Amino acid sequence: MLTVQFDGDVRGVRPEGPITREDVATLTRAADEYLAGHPKITGVMVETRTFPGFASVGAFADYARFIADHHARVRRVAPVTDSALAPIAEFMANHVVGVEMRHYAFAEGAAALAWLRLPATRRDNLRAPWV
């Protein structure tokens with residue numbers, strides 16, 4: 001199960017177990033509904049003590065499609081987790097996908113939320129043309 005909620009202009013995502021295709025559909029619906037009335041999602045905070053993984057290859061494929069379709073309209077992402085996979089995700093987001101990501105330990109949710117809400121910088125508006 002995946003909980004998705006907006007706290008102002010920041011979306012909170014909390015996976016409660018392996019991510020399913022239904023979870024990705026819920027995530028997609030929430031993002032699309034918000035983006036119908038807003039140009040960007042200011043921030044996404046993913047909170048989970050450890051990464052729960054994906055329930056199936058189909059769930060992972062759906063998630064990859066979600067990232068490909070939505071990354072250009074997300075300003076910042078903060079994984080709040082003690083998972084050893086977080087630094088890898090941070091590197092991929094910052095250097096491959098083109099989304100600014102900063103990892104925070106699970107106990108640092110307040111700091112992550114504060115970073116997500118910082119005003120946009122000029123860098124936020126400069127994207128490579130292929131992103």
Side-chain angles (χ1 to χ4, degrees):
M1 184 171 133
L2 186 76
T3 304
V4 180
Q5 64 187 44
F6 276 93
D7 181 358
D9 54 354
V10 173
R11 181 174 64 194
V13 179
R14 290 180 192 89
E16 303 291 329
I19 299 167
T20 66
R21 294 186 94 171
E22 292 78 20
D23 292 335
V24 178
T26 298
L27 186 63
T28 301
R29 266 191 311 279
D32 289 346
E33 287 172 6
Y34 183 84
L35 290 169
H38 301 84
K40 282 191 176 247
I41 296 172
T42 297
V44 177
M45 186 164 76
V46 182
E47 289 183 279
T48 182
R49 186 169 297 281
T50 61
F51 179 65
F54 292 91
S56 68
V57 172
F60 177 75
D62 290 351
Y63 182 73
R65 191 172 311 109
F66 170 80
I67 297 298
D69 292 346
H70 292 84
H71 77 277
R73 295 186 66 191
V74 174
R75 189 164 61 91
R76 292 184 178 146
V77 177
V80 180
T81 182
D82 294 335
S83 172
L85 296 174
I88 296 166
E90 183 176 8
F91 176 84
M92 294 295 290
N94 287 319
H95 300 286
V96 178
V97 177
V99 171
E100 186 178 7
M101 181 182 282
R102 189 178 293 176
H103 167 236
Y104 290 85
F106 188 73
E108 297 176 325
L113 191 57
W115 176 71
L116 289 169
R117 290 202 167 122
L118 285 174
T121 64
R122 185 168 185 271
R123 179 183 182 269
D124 293 328
N125 297 319
L126 297 176
R127 293 202 108 120
W130 59 86
V131 177

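Only a predicted model underlies this, so the values are computations on that prediction, with no experimental measurement involved. Here, residue 1 is the first one in the sequence, and each next residue gets the next number.
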Next on the checklist: Before you tell me yes or no, could you show the steps for Val24 and Ile19 under side-chain contact (heavy atoms from CB on, under 4.5 Å), namely the whole-Å CA-CA distance, both residues' side-chain angles and the distance that decides it to 0.1 Å?
Outcome noted: CA-CA 7 Å; Val24 178; Ile19 299 167; 3.9 Å; yes

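- Nearest heavy atom pair, residue Leu116 against residue Thr42, reads O-CG2, 3.4 Å.
- Applying the side chain to side chain donor-acceptor pair (under 3.5 Å) rule to Asp69 yields no partners; only residues at least two apart in sequence or on another chain are considered.
- Asp7 and Arg117 get closest at one heavy-atom pair: O-NH2, 2.7 Å.
- At most 12 non-hydrogen atoms from other residues, nucleotides or ligands lie less than 6.0 angstrom from OH of Tyr63.
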Next on the checklist: Assess the residue pair Glu100 and Trp115 against the criterion (side-chain contact (heavy atoms from CB on, under 4.5 Å)); give the C-alpha distance rounded to whole Å, side-chain angles, the decisive distance to 0.1 Å, and a yes or no.
Outcome noted: CA-CA 11 Å; Glu100 186 178 7; Trp115 176 71; 3.7 Å; yes

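- Environment of CZ in Phe106: crowded, with over 12 heavy atoms of neighbouring residues, nucleotides or ligands closer than 6.0 Å.
- Nearest heavy-atom pair across Glu47 and Pro15 is O-CD, 3.6 Å.
- Arg14 pairs with exactly one of Val46, Thr48, Thr3, Val4 by the side chain to side chain contact (heavy atoms under 4.5 Å, CB included) rule, that one being Thr3.
- His103 meets the side chain to side chain donor-acceptor pair (under 3.5 Å) test with no other residue; sequence neighbours excluded.
- Leu85 and Phe66 fall within a single hydrophobic cluster, where Ile, Leu, Val, Met, Phe, Trp and Tyr side chains are chained together by heavy-atom contacts under 4.5 Å.
- Side-chain atoms of Met101 and Pro79, non-hydrogen and from C-beta on, do get closer than 4.5 Å to each other.
- The minimum heavy-atom distance linking Ile41 with Ala31 is given by the pair CD1-CB, 4.2 Å.
- Side-chain contact of Asp23 with Thr20: a donor-acceptor pair under 3.5 Å is present, judged by distance alone.
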Checklist entry - After noting the C-alpha distance and the side-chain angles of Arg65 and Thr28, does the key distance pass the side-chain contact (heavy atoms from CB on, under 4.5 Å) rule? => result CA-CA 10 Å; Arg65 191 172 311 109; Thr28 301; over 6 Å; no

Next on the checklist: For a side-chain contact (heavy atoms from CB on, under 4.5 Å) check, start with the C-alpha distance between Val13 and Val44, then their side-chain angles and the critical distance, and finish with the verdict.
Outcome noted: CA-CA 7 Å; Val13 179; Val44 177; 4.1 Å; yes

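- Contact between Met45 and Leu113 at its shortest, heavy atoms only, is SD-N, 4.0 Å.
- Nearest heavy-atom pair across Leu35 and Arg73 is O-NH2, 3.1 Å.
- Counting heavy atoms from C-beta on, the side chains of Asp9 and His38 never come closer than 4.5 Å.
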Distance-only check: which donor-acceptor pairs under 3.5 Å involve side-chain atoms of residues 50-57, not counting sequence neighbours?
residue	atom	partner	partner atom	Å
Ser56	OG	Gly58	N	3.4
Ser56	OG	Ala59	N	3.0

